[in-house]
Amino acid sequence: MSSTSWIPQWTGGHWTATVFVEKLDLLKLSVRNNLTAENNSKELSTVAMATVATILDDIDDKFCQCCLCFKQYKDPRQLPCLHRYCSGCLDEEIQRTHGDLKCPLCQQEADVPEDGAQGLKKDFFMNEIIEFLDIKKSFQDEETHECGDCSKIVKARSYCFKCSEFLCDGCHEYHMTKKSLKEHRPYLLTLKDVKTKNLTLQKLSSLKQAPMCKTHQDDVSRLCCKTCENMPICTACTYGGHKSHEIEDAISLATVKKQTLRNQLAILTKSTDKIKQEVKKTLQLQKDVVATADTKIAELDHDAGEELNKIGKDIEVVSEERSNVAKQIRDKWEGEHEQRQQAYEEKMKRLRKEHEEMEHKFESDMDRNIEKSNETYSKKESKLLSKQENVEKQLQEGKALIRKEKENKLGKTEGAIVNGKSTVERMQNLIETGSNILVSENNWTAIQNADRVCAASEPLIRELDRDFSELDKVLEYPQVRLSLGRAEKMKISDKPVIEVAIENIKKTGWVINGVAAAPDGTIVITGAKGQKQAHISVINLDGRISKQKLIGSTDESPYCFCAFFKDDEFAIATQCNANIGLYNADNNTYHSTDLREVINKEARVGCITADGSKDQIIVGCEDVPVLYVLNGKLQLTRTINLPQIVKSPRGIVVNNGIIFICCQSSGSAYAVNMEGGLLHKLSKPDSMNCKMPFSVCTSNNGSVYVLWADSYSSLTQDCVILQYSPDDGSLLTTTPLRTAQGWMATIEIDGAERLLSPSWLGGMLRVYGLEED
C-alpha cells in the first residue's frame, strides 16, 4: 500500500458497507438469471442481516469479481447508486450506450464525466478488500516475502499495517517487545488471526491506523478540511495551506454525519414499508379491477337480457295482434256475407246484378284492409327487429370496451408493482449500506460516505408516490349505456281523459309538490299541508285518499317531493329540514334521516328521484351543483358533481343511466351521465311565457317529458309539455296546456300508458292520453 495514498489507509466500516453492496450486486445478478421478485426480496433480507458481522474468511476471490467481465476488479469505480465496476468495463459500457449510462444492475441513470470512467469516484474500499485477500492468500499459500525490517526472504507470519510490510518471526517478536514499536502492536495481523476464521470486517478496521496527513506524512490526521472536500489534515496544516479554510474536528464531524445518516435511514425504512404496503394494495387492486370488470359485464348482460326478453315478448304480441285483427276482419266479412246471402236469396231474381257488384266491392275492401293491417304491423315488427339488432350490437361493443379498459388498467397496475418492487430494492440497498456505515467505529467512514447515501436516497423518497398516484381511479370504468334509438313521437291528448278533485286537498287548499306512480297503479302525491307540516297521500283515480302520513317541518309551508323506489316504497324528501326517507304505501310507514347529518353541511332539498334496480336514491339541493346518491338504507354512497352551468337542480329524473335535470338558476333543462358529465342541453319552447322548466318525467319507451311554465313562484294558465328523445335530447313534440299544472309522472291504465299531472294549487288530478303521433 502506497504511503502517499491517504484515503485507503482509513478503513473502519467501509469494508462492511462494501461487503453489503457487493453481495447485493451478486444478488441482483441472480435476479437476471430468472429469480422471481419474491425470492429476490427474501435473499436480500438474508444478506442484509449477515453483513454487519461478516467473517472475512467468507470473502473469496469471486466476491471481488466485476459482474461485467467476471474478473477481479481493476481500478474499480463507483456509480451514484453505489454499485461498482472496473473502470475499463465502464468505459466500454459508456461507448456502447453512446454516453447514456445506466447501472447494469439497477438501471439507475448516471451522469458521465468528461474524462469518462476516470472521472467517477474510486472505490478505495474494494481496493482494501483486495489487499486483504492478497495478504490472506500469502499466509495460506506460505509464500515467501522480504521481511520489512531485516530484509530476509522468508515465509510471512505477520503483516504490520503501520509499516505496510510483511514480517518474519523474529521481527514480529521484536515488534511485540520493543518499546519504541509499541504503537505498531495494534496494527499487526498474524497467520494465527487468519487461521482462526473469526476475523470480522469490524475487527479488521481496528488494525488499520487513522489516515496520515498528506502534507505532513508523519502526523496523524485528526482534523477535517471541509473546504477541500473533507480532506484529512493535521494540526500543522491549519497554519499552512489550510489556514483560512473551514476546519472541523474529525470525531465531531463524524458524529454529526452519522446522526444525519441515521435520520435519513429511518426515513428510508419508513418509505420502504410504505411502498411494500402500496404494492400489496395494488395486488389486491388488480383482483378488484378484474372483479369490477366481471360485475360490469354481468350487469350489462342482465340489462341487455331484460331488454331482449321484452322485445321478444313485444314481437310475439305484435304477431298475435296481427293474426287477431286479420281474423276479426275475416269473421266480420263472413258474418256480413251470411246476411247478404240471405238477402240475396230473397231478392235473387230482382237483385242478382246488384248483389254481384256488392260482393265484388266487399271482397276488395277486405283485401285492402288486410293489406293495410299487414303493412302497419310489418312496420312495427321491423322496428322491433331493428331495435333488437341494435341492442345486441351495443352489447358486444360495450363488452369489448370494458375488456379493453380492463387490460389497460391491469397494465398500469402491473407497471406500478414492478416499479414499486424496484424502488424497494434500491431503498434496501441504501438502508443496509448506511446501516453498515453507522456500525463502523471509524469516523472518516461517516464523513466521506454519509452525504452520498443521503443524496442517493432523496430522489427515491421524492418518487415514493409517483407510481401509485395514477391508480386512484383505476376502478372507474367508462359508462356503457344501451342506446335504444330515437323514441317514437307521442301525441298528448288536448284534454284530460280523467279529471277529478282530490279528496280534502281541494277543500283545505293543500299544495301538491310531487307525484309518483308504482307499476301496480299505486299513486302517491306529496306537498305542503301548512302549519309546519307536509303530507304523503296515497290516492285513487277517482280522487279518494286511501292512506295518508303527516311529517313535521320547521317551515310554515314546507315543500315535499316524491319518487317511486321499488316494491311498495317511495322515496320522500322535505325541503326545509332536509329530511330524506322511504314511505311504504302498503303499510303506511315512514322512516327517514337528516341529509345535513349525512353530508355534514347545511342543505335545502330541491328535488328527488330513485332507481330501485340500482338501489339508488338521488337528491338535489337548491344552489348546490352536486347530486347526493343514497342507498336503500339511506346511507350516502357517492356524490355526483354537476357541470358548472347546473347550479340549482329543482326537477330531476333518472332513466337508463341518464339524469335529466330542470335547473332553476339557468332556466334550462339538461341531460348528464352518472359521472356528472354534460350530455346535452334540452331545447326550450318557443313560448316566451313558458321560460322555466318546472318538472320532468320519462315514459316506458324512454321519452322524456318536461313541463315548462312561467316561473317557480307562480304557475299561470300557460304551460307547455315538450317531449324529447332520450339519446340525443332532440325535440319530438310540443303540447300546450290551458290548465295550470305542476309535477308529472307516467302511469299504466288498462294496458295503455298515460301522463299523470296533478295541479300545483287547486287539488285537481288530471290524466292525459299518450298515443303514437
Side-chain angles (χ1 to χ4, degrees), residues 296 299-300 303-304 307 387 390-391 393-395 397-402 404-405 473 476-490 563 606-611 613-614 616-621 624-629 637-685 691-708 721-734 744 746:
K296 291 286 184 180
E299 291 176 353
L300 195 59
D303 294 344
E307 187 63 28
K387 188 176 182 181
N390 184 35
V391 169
K393 179 181 178 181
Q394 292 180 66
L395 172 62
E397 291 175 349
K399 287 183 178 180
L401 178 61
I402 292 175
K404 181 178 179 180
E405 188 69 13
K473 299 182 179 181
E476 295 182 5
Y477 277 82
Q479 181 71 21
V480 178
R481 184 175 57 84
L482 294 177
S483 177
L484 303 181
R486 190 180 181 92
E488 297 291 338
K489 291 185 177 181
M490 301 299 293
C607 52
I608 190 170
T609 187
D611 186 349
S613 64
K614 306 293 185 183
Q616 293 178 338
I617 300 172
I618 305 175
V619 182
C621 297
V624 179
V626 175
L627 298 180
Y628 301 99
V629 183
T637 60
R638 57 177 292 211
T639 59
I640 301 174
N641 293 318
L642 297 175
Q644 294 183 352
I645 56 175
V646 187
K647 297 180 179 179
S648 184
R650 286 299 301 267
I652 184 174
V653 68
V654 60
N655 182 43
N656 196 29
I658 300 179
I659 304 174
F660 297 93
I661 304 173
C662 296
C663 178
Q664 180 181 13
S665 59
S666 65
S668 299
Y670 304 93
V672 301
N673 58 30
M674 294 302 293
E675 285 70 43
L678 180 64
L679 298 178
H680 35 257
K681 177 181 178 181
L682 304 182
S683 58
K684 294 185 176 183
K691 58 187 177 181
M692 189 67 67
F694 194 80
S695 62
V696 58
C697 71
T698 60
S699 62
N700 290 338
N701 72 345
S703 293
V704 181
Y705 296 93
V706 178
L707 187 145
W708 296 77
I721 298 177
L722 270 58
Q723 179 199 6
Y724 302 92
S725 173
D727 291 315
D728 57 8
S730 58
L731 179 62
L732 298 179
T733 62
T734 300
M744 299 184 298
T746 56

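The structure displayed is predicted, hence computed values, not measured ones.
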Value for CD1 (I661) from CD (Q664), rounded to nearest 0.5 Å, stands at 13.5 Å
For S683, all residues meeting side chain to side chain donor-acceptor pair (under 3.5 Å), sequence neighbours excluded: none
Nearest non-hydrogen partners of G651 and V696, listed with the distance: C-CG1, 3.9 Å
Minimal non-hydrogen separation, I658 against P726, with atom names: CD1-O, 3.5 Å
How far does NE2 of H680 sit from CG of D727, to the nearest 0.5 angstrom? 8.0 Å
Closest heavy-atom pair, E675 versus R638, reported as atoms and distance to 0.1 Å, is CA-NH2, 4.0 Å
If I take atom CG from residue L682 and atom CZ from residue F660, how far apart are they, to the nearest 0.5 angstrom? 7.0 Å
Side chain to side chain contact (heavy atoms under 4.5 Å, CB included) evaluation trace for I652 with L627: CA-CA 10 Å; I652 184 174; L627 298 180; 3.9 Å; yes
Keeping the roles fixed (side chain from S725, backbone from S730), state whether a donor-acceptor pair exists under 3.5 Å. no
How close do V706 and C662 get, counting heavy atoms only, and between which atoms? CG1-SG, 4.1 Å
Polar side-chain atom of K684 near backbone of W708 as donor-acceptor pair, under 3.5 Å: no
Results of side-chain contact (heavy atoms from CB on, under 4.5 Å) for V654 - residues two or more places apart only: T609, D611, I618, I659, M674
Minimum heavy-atom distance between P649 and C621, given as atom pair plus value: CD-O, 3.4 Å
Once side chain to side chain donor-acceptor pair (under 3.5 Å) is applied, do any residues pair with T733, and if so which ones, sequence neighbours excluded? Q723
Residues at least two apart in sequence or cross-chain that pass side chain to side chain donor-acceptor pair (under 3.5 Å) with S699, listed by chain then number, are N701
When rounded to the nearest 0.5 angstrom, what distance separates CG in L731 from CG in L722? 5.0 Å
Closest heavy-atom contact between I608 and A563? O-CB, 3.9 Å
Is V672 close to I640 at the side-chain level, that is, under 4.5 Å between some pair of heavy atoms? no
Counterpart residues, salt bridge (Lys or Arg N to Asp or Glu O under 4.0 Å), relative to K614 (two or more places apart): D303
Looking at NZ of K296 and CG of L401, how far apart are the two atoms once the value is rounded to the nearest 0.5 Å? 11.5 Å
Please enumerate all residues that pass side-chain contact (heavy atoms from CB on, under 4.5 Å) together with K681, with sequence neighbours excluded. S668, Y670
Could you walk me through whether S666 and I645 pass the side chain to side chain contact (heavy atoms under 4.5 Å, CB included) test, one step at a time? CA-CA 7 Å; S666 65; I645 56 175; 5.6 Å; no
